[in-house]
Protein chains: 2
Amino acid sequence: MVIEEKLIKRFHKWRCPLASGIRGPDGGGAKLIDVARLANCSPATASRVLNGNPRVGQDERERVMRAAAELGYVPNGSARALRSTRSRLVGAIIPTLDHAIYATMVDGLQAKLAEKGVSVIISTSHYDLDLELEQTRLLVERGAESIVLVGSTHSAQTMSLLDQKQVDYVFTYTSSVAEAGAAIGFDNEKAGAAAARFLLDLGHKRLGMIAGITTNNDRAKGRLDGFLSELAARGLDPAAVPVVEGAYKVESGRQAMRSLMDVPQPPTAVFCGSDILATGAIKYCHEQGIAVPGEVSVVGFDNLEIAELTSPELTTLEVPAREMGNLAADYILAPAAQKRYLRQTELPIRIIVRDSTGAAPSQAH
Amino acid sequence: MVIEEKLIKRFHKWRCPLASGIRGPDGGGAKLIDVARLANCSPATASRVLNGNPRVGQDERERVMRAAAELGYVPNGSARALRSTRSRLVGAIIPTLDHAIYATMVDGLQAKLAEKGVSVIISTSHYDLDLELEQTRLLVERGAESIVLVGSTHSAQTMSLLDQKQVDYVFTYTSSVAEAGAAIGFDNEKAGAAAARFLLDLGHKRLGMIAGITTNNDRAKGRLDGFLSELAARGLDPAAVPVVEGAYKVESGRQAMRSLMDVPQPPTAVFCGSDILATGAIKYCHEQGIAVPGEVSVVGFDNLEIAELTSPELTTLEVPAREMGNLAADYILAPAAQKRYLRQTELPIRIIVRDSTGAAPSQAH
DNA sequence: CTGTTAGCGCGTTCAT
DNA sequence: ATGAACGCGCTAACAG
């Protein structure tokens, strides 16, 4: 009776293996038990061998390895994850892959994790916190052991979900940690302040800024705040500093620069929240015959490859995108004992001085 | 006895939930059975509701939904995948995320798949076919239902693994399919030929090419072959056409251009296998005071955002990166019956004429 | 060092 | 329309 039932089940399995290929039981579906049988041992031993458990004899080990190779055995990750509660999966939620600054971070993250056999599930939120929550839910569902997020501003539900499901997380592009989790990044306010200082030291008195959209974007907001604070600290009135926000597109930068420059007393120096915006700004200056840096200095942010393609080449602040990805991976892979010490890693921001900045014009007319 | 044993198990579970939070059984680990209990029904019914099975009463359905929400229930993807053999996971193996052309494709892929609750695992091969094989194995292990690859050149082992494990796959950036799977892309040879035709029609007689590294890269090779074939078809000697290969870096393009131009009779038109290379080429011309397009025309490939940032702006061939990602997603999500018709999708390649190309100099000295 | 046993959480039969 | 039982493939616990 019992045997009969099993046979029926098997029959069902043969008939509809989902795809149309009529595959014998040996073809694609070698399981651990098949390996064990071929190696003349129990599935437990086979499992131990394949997981590098050292407490296995030399001959057993070799027989299992050979059997696995011969059968082309590929373990079933779902079963493994279910049983061991370790998925070896990490999630990353970034605004978009269309911006090199994020793509490069993910590249660095993935490269380091892949070395240890950990895979990265990627998803994009388009700067939308509700979407981010949904993506988070999906990643938790998939069993992600850690989730990499951008910035430190996230919906309360996202954070409590992570907290409740005990999923480790790491913020990037920021240095402010939450109660749990880690932050691998830099201080956007300090960076903004550094840009201000640099321009002030060149003698500029009329400054402006083209910022990224600051809504739901603590990085863009931080750069802006830091920039204005430093100006205030040096005796300028922040309220008198023209600020335009724009999406991270060349065209936005171009239009923003027009609205900044097309006034009676335009700024002599403009800080841009991204190289993309800065590039657009310089493009506008070209079109209008405005000399850079003769009439106006331009500072970017990110140090993308394009910063060396503009003429003049762009002075900018370097964002260590790849390094953040690498370090986030290090944190994720670190043993729990070490995580304490890695969880708040602030990277320095260097200013890369090129040719788009110069001394303030001697007399501002 | 039996009951006692169960209690012991539970005790173990409480004590070491892997992380340090001492969490009651209600806190983070609501399972389907908890939802069922709270909703006063069997786990089977709860499962049906959560999977949208219509054969459930209205009241039951609502009770289950409410219970799930109240408990913050998140299904366990591994268990689900194990039981249903559907992981809702797709893998993508690309050379690198550091090149916008691939990052954008993945962005398009991910966006479309996410709409249907399918997640993307990403991994990078760095143009290394052995690494690609390893990544493939890992993705198969993770249960990827489909795998997106770049180009049509892959190791035999990779292909046989996919074949044996019945994993669907789709090539991108190419129009040549394998026996199984799909190809969503364009014909690189046709594209190379189109570039040649365009330059020939402008009257150029001395042409050159800066190609990407063609080793293991059928796309780079295809563009080169197509370019040379078309020249041959128009009566030029392909052997006399100078070709330099370079990695996709601005600096490579710059150096390649130097070796092309620093000869007695330099070409009057150069086709570059990528906008990155073309940008470097133009940079070299600036440095040397070579007029573009006055003395030499330059054509790029990809139509990246940087193509509009060079001066002169770059004439280039548009690669539909995002669209390929979208269409790959469509193919993957399509019902088996439709896949036949989608599996070979060749996208047209447009030439975007900007200012880096012009008529051949009237007398080539 | 090895085998035996049990069950991770869920979806899916088969009954009713 | 609902519930009971079973097992997906694997590894953790225990016994020897």
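Just so it is clear: chains get the letters A, B, ... in the order the sequence lines come, proteins before strands, and each one is counted from 1.
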_Expressed as a whole number of angstroms, how long is the span from A/Glu141:CD to C/dC10:C1'?_
12 Å
*Nearest of C/dG9, D/dA12, C/dT12 to any side-chain atom of B/Ser47?*
C/dT12
*asked:* Check B/Glu134 with B/Arg137, please: is the shortest side-chain N to carboxylate O separation under 4.0 Å?
replied: no
*When the nearest nucleotide of DNA chain C is assigned to B/Pro75 and to B/Arg55 on a heavy-atom basis, which residue is associated with the more 5' position?*
B/Pro75
*asked:* Between A/Glu60 and B/Ala79, which residue's closest nucleotide on DNA chain C lies nearer the 5′ terminus?
replied: A/Glu60
*asked:* Does a side-chain N or O of A/Tyr73 approach OP1 or OP2 of D/dG9 to a distance below 4.0 Å, or not?
replied: no
*Using whole Å, report how far CD of B/Gln58 lies from P of D/dA1.*
11 Å
*Would you indicate what B/Arg80 reaches in the nucleic acid, counting non-hydrogen atoms under 4.0 angstrom: base, sugar-phosphate, or nothing?*
sugar-phosphate
*Could you check B/Asp59 against B/Leu82 and say which one's nearest nucleotide on DNA chain D is further toward the 5' end?*
B/Asp59
_Worked verdict on A/Asp34 versus A/Lys31 for salt bridge (charged side-chain N to carboxylate O under 4.0 Å, His left out)_ = CA-CA 5 Å; A/Asp34 299 320; A/Lys31 304 165 201 175; 5.7 Å; no
*asked:* Just the rounded figure in Å: distance from C1' of D/dC8 to CZ of B/Arg86.
replied: 16 Å
*Starting at CZ of A/Arg83 and ending at P of C/dC10, how long is that distance when rounded to a whole Å?*
15 Å
_Rounded distance (Å) that lies between atom P of D/dC14 and atom CG of A/Asn53_ = 16 Å
*Any side-chain donor near an acceptor of the partner, A/Asn76 and B/Arg142, under 3.5 Å*: no
_B/Arg48 (side chain) donor-acceptor with B/Pro54 (main chain) under 3.5 angstrom_ = no
*Is B/Leu32 touching bases, backbone alone, or none of the nucleic acid, heavy atoms closer than 4.0 Å?*
sugar-phosphate
*What integer distance in Å separates A/Lys31:NZ from D/dT11:P?*
14 Å
*Just checking B/Pro43: base, sugar-phosphate only, or nothing, at a heavy-atom cut-off of under 4.0 Å?*
nothing
*Establish, with yes or no, whether the OP1 or OP2 oxygen of D/dT11 is under 4.0 angstrom from a side-chain nitrogen or oxygen of A/Ser84.*
no
*Protein-nucleotide distance (B/Asp34, atom CG; C/dG9, atom P), rounded to Å*: 9 Å
*Just how far, in rounded Å, is C1' of C/dC10 from CG of B/Asn51?*
9 Å
*asked:* Looking at B/Asn76, I'd like to know whether one of its side-chain N or O atoms comes within less than 4.0 Å of OP1 or OP2 on C/dC8.
replied: no
*asked:* So if I apply the side-chain contact (heavy atoms from CB on, under 4.5 Å) rule between B/Ile93 and each of B/Leu131, B/Leu133, B/Leu139, which one comes out positive?
replied: B/Leu139
*asked:* Please pick, from D/dA12, C/dG9, D/dG3, the nucleotide with the shortest atom-to-atom distance to any side-chain atom of B/Arg48.
replied: D/dG3
*Under 4.0 Å between a side-chain N/O of A/Ser42 and OP1 or OP2 of C/dT4, yes or no?*
no
